[in-house]
Amino acid sequence: MCGRYQLDPAESAEIERIVRQVQDRVKTGEIFPTNAVPVLAGFAGGLAPRPMVWGYPRFGDKPGSIINARSETAGERPMFRKSLAERRCVVPTTGFFEWGADGEGKKRKYRFNLPGDRALYLAGLWNDFAGEEKCVILTTAANGSMEGIHDRMPVVLTRAEAEPWVRDAGFASGVVRRVPPALVHIRA
């Protein structure tokens with residue numbers, strides 16, 4: 001699961017460039033569900049940052065937003081099927097947070113990144129709901145680097161995988177089935 005992430009332009013020149021293009025319409029710092037965030041999506045012949053709200057609406061009387069989609073079942077779920085096929089996006093971050101037990105049995109907040117890199121790209125989906133573009137983050141089974149902290153983690157992309165993820169359905173199909181790269185974490 002991914003319930004919060006960090007978007008700090010001061011930590012990465014790459015992230016700063018993305019945020020600068022939509023900065024007056026998105027939140028930075030610690031990102032919570034329902035915040036307006038920048039995503040990279042396929043528009044106008046390339047990937048472009050666009051502001052979207054993090055979370056699909058729930059239908060019926062259920063409160064809250066749906067912020068994550070399981071990569072293993074997204075193609076089967078009516079809410080995510082068309083987005084996975086046609087509306088993939090990339091969520092740029094400078095790390096994501098997860099809570100897990102520390103050595104003393106207390107819940108602690110941890111921040112995850114790729115080793116040696118502050119820019120972290122997450123695979124996402126988007127859709128239009130009554131004229132408002134909204135996104136979710138794809139999750140997968142956690143790998144060994146998440147061991148003991150959480151059993152789910154976001155689907156992580158490298159910079160080079162961002163455009164193929166958005167544009168190539170065959171490539172995307174392989175990404176959702178692979179084991180994610182090892183991450184490093186610190187107590188936040």
Side-chain angles (χ1 to χ4, degrees), residues 1-9 11 15 18-19 21-43 47-100 107 109-113 119-142 146 149-157 161-162 165-166 172 175-176 180 183 188:
M1 174 150 176
C2 182
R4 287 195 208 152
Y5 65 88
Q6 186 72 23
L7 183 65
D8 186 348
E11 291 184 30
I15 298 299
I18 293 167
V19 169
Q21 294 179 57
V22 291
Q23 68 187 0
D24 58 334
R25 298 176 285 168
V26 298
K27 182 182 183 302
T28 58
E30 188 167 348
I31 304 299
F32 293 81
T34 71
N35 286 154
V37 298
V39 301
L40 301 174
F43 295 98
L47 292 189
R50 291 186 64 106
M52 293 188 189
V53 172
W54 181 23
Y56 281 14
R58 292 186 181 273
F59 295 103
D61 295 335
K62 295 179 182 177
S65 296
I66 298 168
I67 60 171
N68 295 315
R70 287 179 167 262
S71 62
E72 302 92 340
T73 59
E76 303 162 10
R77 305 276 184 217
M79 179 172 280
F80 306 118
R81 184 181 309 124
K82 188 166 181 120
S83 294
L84 182 60
E86 301 172 6
R87 296 184 184 115
R88 293 176 302 278
C89 64
V90 177
V91 180
T93 78
T94 51
F96 70 90
F97 298 109
E98 209 47 81
W99 285 256
K107 285 281 188 181
K109 183 178 177 182
Y110 295 92
R111 181 174 162 176
F112 288 84
N113 288 87
L120 181 68
Y121 297 96
L122 309 179
L125 307 175
W126 72 275
N127 208 338
D128 186 288
F129 295 90
E132 185 173 36
E133 293 174 344
K134 299 184 178 216
C135 64
V136 295
I137 295 171
L138 279 175
T139 65
T140 189
M146 296 280 298
I149 296 175
H150 206 279
D151 63 345
R152 304 284 302 166
M153 66 185 288
V155 173
V156 175
L157 302 168
E161 293 172 331
W165 164 256
V166 170
V175 167
V176 298
L183 303 173

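Every heavy atom of this structure was used, including side-chain atoms; hydrogens, water molecules and symmetry mates were not. The chain is numbered in sequence order, starting from 1.
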When you measure from the side chain of Arg152 to the backbone N and O of Thr139, does any donor-acceptor pair fall under 3.5 Å?
yes
Yes or no on side chain to side chain contact (heavy atoms under 4.5 Å, CB included) for Thr93 and Leu122, after CA distance, side-chain angles and deciding distance?
CA-CA 8 Å; Thr93 78; Leu122 309 179; 3.8 Å; yes
Ignoring hydrogens and angles, tell me if any N or O in the side chain of Arg88 forms a donor-acceptor pair with the backbone of Trp165 under 3.5 Å.
yes
Would you compute the distance between atom CZ of Arg25 and atom CE of Met52 and round it to the nearest 0.5 angstrom?
11.0 Å
Minimum heavy-atom distance Pro38-Pro92, with the two atoms named
O-CD, 3.2 Å
I need the minimum non-hydrogen distance between Ala162 and Val90, along with the two atoms involved.
O-CG2, 3.8 Å
Closer than 3.5 angstrom, by distance alone: can the side chain of Thr28 be matched with the main-chain N or O of Asp8 as a donor-acceptor pair?
no
Which label fits Phe96 and Phe112: parallel for a plane angle under 30°, tilted from 30 to 60°, or perpendicular past 60°?
parallel
When you measure from the side chain of Asn113 to the backbone of Thr94, do you find a donor-acceptor pair of N or O atoms at a distance under 3.5 Å?
yes
Among residues at least two apart in sequence or on other chains, which ones pass side-chain hydrogen bond (donor to acceptor under 3.5 Å, both in side chains) with Tyr110?
none
Give, for atom CG of Leu125 and atom CD of Glu86, the distance between the pair rounded to the nearest 0.5 Å.
12.0 Å
side-chain hydrogen bond (donor to acceptor under 3.5 Å, both in side chains) involving Glu133 - partner list, sequence neighbours excluded:
Arg50
Looking only at non-hydrogen atoms, find the nearest pair between Pro154 and Thr140 and report the distance.
O-CG2, 4.3 Å
Look up atom SG in Cys135 and atom CD1 in Ile67, then write down how far apart they are to the nearest 0.5 Å.
10.5 Å
Given the rule in the side chain to side chain contact (heavy atoms under 4.5 Å, CB included) test, do Ile15 and Leu7 qualify, once you have shown the distances and angles that lead to the verdict?
CA-CA 8 Å; Ile15 298 299; Leu7 183 65; 3.6 Å; yes
Applying salt bridge (Lys or Arg N to Asp or Glu O under 4.0 Å), name anything that partners Glu132, two or more places apart in sequence or on another chain.
Lys134
Just wondering, more than 12 heavy atoms not from Arg58 lying within 6.0 Å of its CZ?
yes
Rounded to the nearest 0.5 Å, how far does OH of Tyr121 lie from CD of Glu161?
12.0 Å
Indicate the atoms forming the closest heavy-atom contact of Ala142 with His150, along with that distance.
CB-O, 3.3 Å
Who pairs with Glu30 by side-chain hydrogen bond (donor to acceptor under 3.5 Å, both in side chains), at least two apart in sequence or on another chain?
Arg4, Lys109
How would you list, by chain and number, every residue that makes a salt bridge (Lys or Arg N to Asp or Glu O under 4.0 Å) with Arg87, sequence neighbours excluded?
none
Where Val166 and Gly42 come nearest, the two heavy atoms and their spacing
CG1-N, 3.4 Å
Please name all residues satisfying side-chain hydrogen bond (donor to acceptor under 3.5 Å, both in side chains) with Arg70, sequence neighbours left out, ordered by chain then number.
none
Donor-acceptor under 3.5 Å (Trp54 side chain, Val136 main chain)
no
Reported CG-to-CZ distance for the pair Leu183 and Arg111, which is rounded to 0.5 angstrom:
12.0 Å
Restricting to non-hydrogen atoms, name the atom on Phe80 and the atom on Ile66 that form the minimum distance, rounded to 0.1 Å.
CZ-CG2, 3.7 Å
Within the distance-only criterion (no hydrogens, no angle test), does the side chain of Arg81 pair as donor or acceptor with the backbone N or O of Glu76 below 3.5 angstrom?
yes
In Å, rounded to the nearest 0.5 Å, how long is the span from OG of Ser71 to CD1 of Ile137?
13.0 Å
Side chain to side chain contact (heavy atoms under 4.5 Å, CB included), that's the test. Do Val37 and Tyr5 meet it? Break it down for me.
CA-CA 11 Å; Val37 298; Tyr5 65 88; 3.2 Å; yes
